[in-house]
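Following: one structure in structure tokens, then a few remarks.
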Amino acid sequence: MKNLTLILISLFALYISATQAQPINFENNLLYNASVNPDVAYSIDIRDLDSDGDTDIVTSIQLGTNRAAAWHENQGDNTFASPVHFHTFGGGTIGGARIIDANGDAFKDILVMEEFPSDLILYLGDSTGTYSTSTVIEHLGYLPDVILVYDWNEDGLEDILYAEPGFAAQVRWYRNLGGGNFADDVFLAWVTGDARGMDIGHIDGDGNIDIIITTVGPTREVSYIAGDGSGGSNMTWAQSLLVTTEVVTDILLSDINDNGLNDFVLVRPNVDTIDWYENDGNANFTFGGNVSTLNFPIDLKAGDFDNNGNIDLAYTTNSAQGLVVGLNDGSGIFNEVSLEAGPIPSFIQTGDLDDDGNLDLISLASQNTTLVWHENLVDDYDNDGVPNSTDNCPYDPNPEQSDVDGDGIGDACDDGDYDGDGDVDLNEYANGSDPSDPCDPLQSPGYLDFDGTNPIWRADNCDADASTNGEEFDCGRDPYDPSEDCTLDISEFAMSKVYIYPNPVINEFEVVNSEVDLIQIHNVNGHLVLESYAQKVDVGGLKNGLYFVTIVSGSRTHIVKIIKQ
């Protein structure tokens, strides 16, 4: 069980009356929420920082008047410790914090970027996740537009790549020398404006790692820098792939149509679209399709969230849908599932926080610095510990897999009524009563919702008198009233009172122990629904329910309650 104080929203609310059509489900768990409302959140990154086998989180956020980078320890029991600050920023813009293995010791280090002064600062970590010293890698004099951590020259050490600001800007590379040391930055290529998004992967089919980048400035375009395999570039200027009239704020490389080639996905917030472009293998791209038209998309990540082998997309939008997962059918057609997860996130990351083999989402929103873990329940939609493939109620928690009627539908989702007491199994399961006991819960005299033909109900004796439910049903007595039973035979009963037989009635009843001058039948609202002057009365046309029969015989009037079934 998760600590209930961590639960922000139960995503069972996301069923929105059509849960069973949902191909995936998430549960949102609040990890951190500040008591003050900061101006902005700056970054989020995840890895195992303290080498204990689970994934931790690093954020850079504003807390009141303080701007800080902090790590949130995964405690291994689906809870996270309070954030521990390891760096306090000065004024100005923050470039955030990135996790890096800077010295090759397998213990994760943290790279911080800040302005005033505009420095790249490295914190070396140890096996416990302690960050006690910092080293300034470079006094840049400006804050990079985009910065990535990646093994650019494929030597086993993680490097730093960044795009400098300016309308004729450069993409540059800091080579990791090991031991926490970096070479002076190296020019890779010029780009035609300020960078807005950048990603790294194979693009042009030569086997070398390349860079894709979006810019604004003299032109708004997507371009790429071809790597030469050793850390250099084959280009002086990035090669244009797509010129667009709209601002592109984010881009990623991924194989969207499952053909083994990296396509790219663009975020265009000004026109409310996310689109993908197909790669022919030679760095020629054509429009592949639209991913989303939700209002003002912001951050974008890729991953296989439904475990079907296709690359899906997760994105946050400035709309009622909030955080969204677009499930890919394998051809580049996406089905959107909204997580509706509180404050709209500024940043998202992907990772398996609970080590269950499912790809989770982690989001950071500026509003009250809200950090949320969106646990992926793709193999266990209702999070009851039973895999969907064997769960008899995959969308309703039923950990015991109780199924009193053996129909394969668990009691937690079965709208059948096994015991015939008028309360369906799923309601009894939810209320804690026994769906196999027709007298649980016990009803008051006059209760009418039972099924008088159900053998389980008929065999029981809910009012604990001298007759079973079925006997009382057949002889016209109330099976929930201990003052009524069937111990008097008809001749004895006929001497004591006027009555109607059978009662409950399906089609026709007869008045016993009285001559009939007039019969009037009223419903529970007092409305006259039928009149008769005969001893036997056909009520087959009446709706099922409770009625009051007034029998007039000479100067005597009798009122008898009947149940029409």
>> If only side-chain N and O atoms count, and only distance matters, is there a donor-acceptor pair under 3.5 Å linking Thr293 with Asp272?
In response: no
>> Among residues at least two apart in sequence or on other chains, which ones pass side-chain hydrogen bond (donor to acceptor under 3.5 Å, both in side chains) with Asp304?
In response: none
> Taking the side chain from Trp152 and the backbone from Gly231, do they hold a donor-acceptor pair closer than 3.5 Å?
Replying inline: yes
> Which atoms form the tightest heavy-atom contact between Leu143 and Gly95, and what is the distance?
Replying inline: CD2-N, 3.8 Å
>> Could you tell me if the side chain of Asp48 sits less than 4.5 Å from the side chain of Asp56, heavy atoms only?
In response: yes
> Quick one: are Ser363 and Val372 in side-chain contact, heavy atoms under 4.5 Å?
Replying inline: yes
> Roughly how far apart are Ile311 CD1 and Phe334 CZ, rounded to 0.5 Å?
Replying inline: 9.5 Å
>> Quick one, Glu73 and Val84 - any side-chain contact, counting heavy atoms below 4.5 Å?
In response: no
> To the nearest 0.5 Å, what is the distance between CG (Asp45) and CD1 (Ile110)?
Replying inline: 8.5 Å
> Would a distance-only check, ignoring hydrogens and angles, find a side-chain to backbone donor-acceptor pair under 3.5 Å from Asp109 to Ala102?
Replying inline: yes
>> Let me confirm one number: the CG-OG distance from Asp380 to Ser389, rounded to the nearest 0.5 Å.
In response: 10.0 Å
> What's the shortest heavy-atom distance between Ala97 and Ser43, and which atoms?
Replying inline: N-OG, 2.9 Å
>> To the nearest 0.5 Å, what is the distance between CH2 on Trp173 and CD1 on Ile225?
In response: 13.5 Å
> Under the salt bridge (charged side-chain N to carboxylate O under 4.0 Å, His left out) rule, what pairs show up with a residue in residues 275-287, not counting sequence neighbours?
Replying inline: Arg268-Asp275
> Any salt bridge (charged side-chain N to carboxylate O under 4.0 Å, His left out) pairs touching residues 154-169, not counting sequence neighbours?
Replying inline: Arg47-Glu158
>> I'd like to know if the side chain of Thr317 and the backbone of Gly322 have a donor-acceptor N/O pair within less than 3.5 Å.
In response: yes
> With sequence neighbours excluded, what pairs up with Tyr162 under the ring pair (Phe, Tyr, Trp, His ring centres under 6.0 Å) test?
Replying inline: Tyr174
> Heavy atoms, side chains only, cut-off 4.5 Å: are Asn308 and Leu327 in contact?
Replying inline: no
> Side chains of Asp255 and Asn257: closer than 4.5 Å at any heavy-atom pair?
Replying inline: yes
> Please, which pairs that meet side chain to side chain donor-acceptor pair (under 3.5 Å) have at least one residue in residues 342-353, sequence neighbours excluded?
Replying inline: Ser346-Ser366
>> Checking Asn103 against Asp105: is there a side-chain donor and acceptor pair closer than 3.5 Å?
In response: yes
>> Restricting to non-hydrogen atoms, name the atom on Phe305 and the atom on Leu359 that form the minimum distance, rounded to 0.1 Å.
In response: CD2-O, 3.4 Å
> Distance only, no hydrogens: is a donor on one side chain within 3.5 Å (strictly under) of an acceptor on the other, for Tyr315 and Glu336?
Replying inline: yes
> Would you say the side-chain atoms of Asp145 pair up with the backbone N or O of Arg196, donor to acceptor, closer than 3.5 Å?
Replying inline: no
> Are any side-chain N or O atoms of Ser233 and backbone N or O atoms of Ala226, one a donor and one an acceptor, separated by less than 3.5 Å?
Replying inline: yes
>> Between Asp101 (side chain only) and Lys108 (backbone N and O only), is there a donor and an acceptor less than 3.5 Å apart?
In response: no
> So how far is it from Leu361 CG to Leu339 CG, rounded to the nearest 0.5 Å?
Replying inline: 6.5 Å
>> For Met198 versus Val171, what's the shortest heavy-atom pair and its separation?
In response: SD-CG1, 4.3 Å
> Residues in side-chain contact (heavy atoms from CB on, under 4.5 Å) with Asp199, at least two apart?
Replying inline: Ile212, Leu252, Leu253
> Taking the six-membered ring for Trp, are Tyr123 and His87 parallel (under 30°), tilted (30 to 60°) or perpendicular (over 60°)?
Replying inline: perpendicular
>> Has Asn290 got a side-chain atom pairing as donor or acceptor with Ile274's backbone, closer than 3.5 angstrom?
In response: yes
>> If you compare all heavy atoms of Ala195 against all heavy atoms of Val146, which two are closest, and at what distance to 0.1 Å?
In response: CB-CG2, 3.9 Å
> Taking the side chain from Asn398 and the backbone from Cys393, do they hold a donor-acceptor pair closer than 3.5 Å?
Replying inline: no
> Quick one: are Asn29 and Glu375 in side-chain contact, heavy atoms under 4.5 Å?
Replying inline: yes
> With sequence neighbours left out, what residues match Thr244 under side-chain hydrogen bond (donor to acceptor under 3.5 Å, both in side chains)?
Replying inline: Glu246
> Hey, mind stepping through Tyr277 and Phe285 against ring pair (Phe, Tyr, Trp, His ring centres under 6.0 Å) and telling me if it holds?
Replying inline: CA-CA 6 Å; Tyr277 287 77; Phe285 291 83; 7.9 Å; no
> In Å and rounded to the nearest 0.5 Å, what is the OG1 to CG distance from Thr135 to Leu111?
Replying inline: 11.5 Å
Show me, pair by pair, the donor-acceptor contacts under 3.5 angstrom made by side chains of residues 294-302, not counting sequence neighbours?
| unit_1 | atom_1 | unit_2 | atom_2 | d |
| --- | --- | --- | --- | --- |
| Asn295 | ND2 | Asn318 | O | 2.5 |
| Asp299 | OD1 | Lys301 | NZ | 3.3 |
| Asp299 | OD2 | Lys301 | NZ | 3.4 |
| Asp299 | OD2 | Ile348 | N | 2.9 |
| Lys301 | NZ | Ile348 | O | 3.3 |

> Can you list the steps and then say if Tyr224 with Met235 is a side-chain contact (heavy atoms from CB on, under 4.5 Å)?
Replying inline: CA-CA 9 Å; Tyr224 94 103; Met235 300 174 176; 3.6 Å; yes
>> Run the salt bridge (charged side-chain N to carboxylate O under 4.0 Å, His left out) test against Asp185 and tell me which residues pass, sequence neighbours left out.
In response: Arg172
>> According to side-chain hydrogen bond (donor to acceptor under 3.5 Å, both in side chains), who are the partners of Asp126, at least two apart in sequence or on a separate chain?
In response: Thr128
> Which heavy-atom pair separates Gly332 from Trp276 by the least distance, and what is that distance?
Replying inline: O-NE1, 3.2 Å
>> Using modelled atom types and a 3.5 Å cut-off, is there a donor and acceptor pairing between side-chain atoms of Asp210 and backbone atoms of Ile203?
In response: yes
> Excluding sequence neighbours, so at least two apart, what forms side-chain hydrogen bond (donor to acceptor under 3.5 Å, both in side chains) with Ser331?
Replying inline: Asp329
>> With heavy-atom distances below 4.5 Å as the criterion, would you say the side chains of Leu30 and Thr370 are in contact?
In response: yes
> Hey, is the main chain of Ala283 close enough, under 3.5 Å, to the side chain of Asp204 for a donor-acceptor pair?
Replying inline: no
>> Which residues pass the ring pair (Phe, Tyr, Trp, His ring centres under 6.0 Å) test with Phe187, not counting sequence neighbours?
In response: Trp190
>> Regarding Gln75 and Thr79, do their side chains bring together a donor and an acceptor under 3.5 Å, going by distance alone?
In response: yes
>> The test is side chain to side chain donor-acceptor pair (under 3.5 Å); show your working for Glu221 and Ser223 and say whether it passes.
In response: CA-CA 6 Å; Glu221 67 178 358; Ser223 56; 4.5 Å; no
>> Would you call the rings of Tyr42 and Phe89 parallel, tilted or perpendicular, taking 30° and 60° as the class edges?
In response: tilted
>> Any heavy-atom pair between the side chains of Leu161 and Leu188 that's under 4.5 Å?
In response: yes
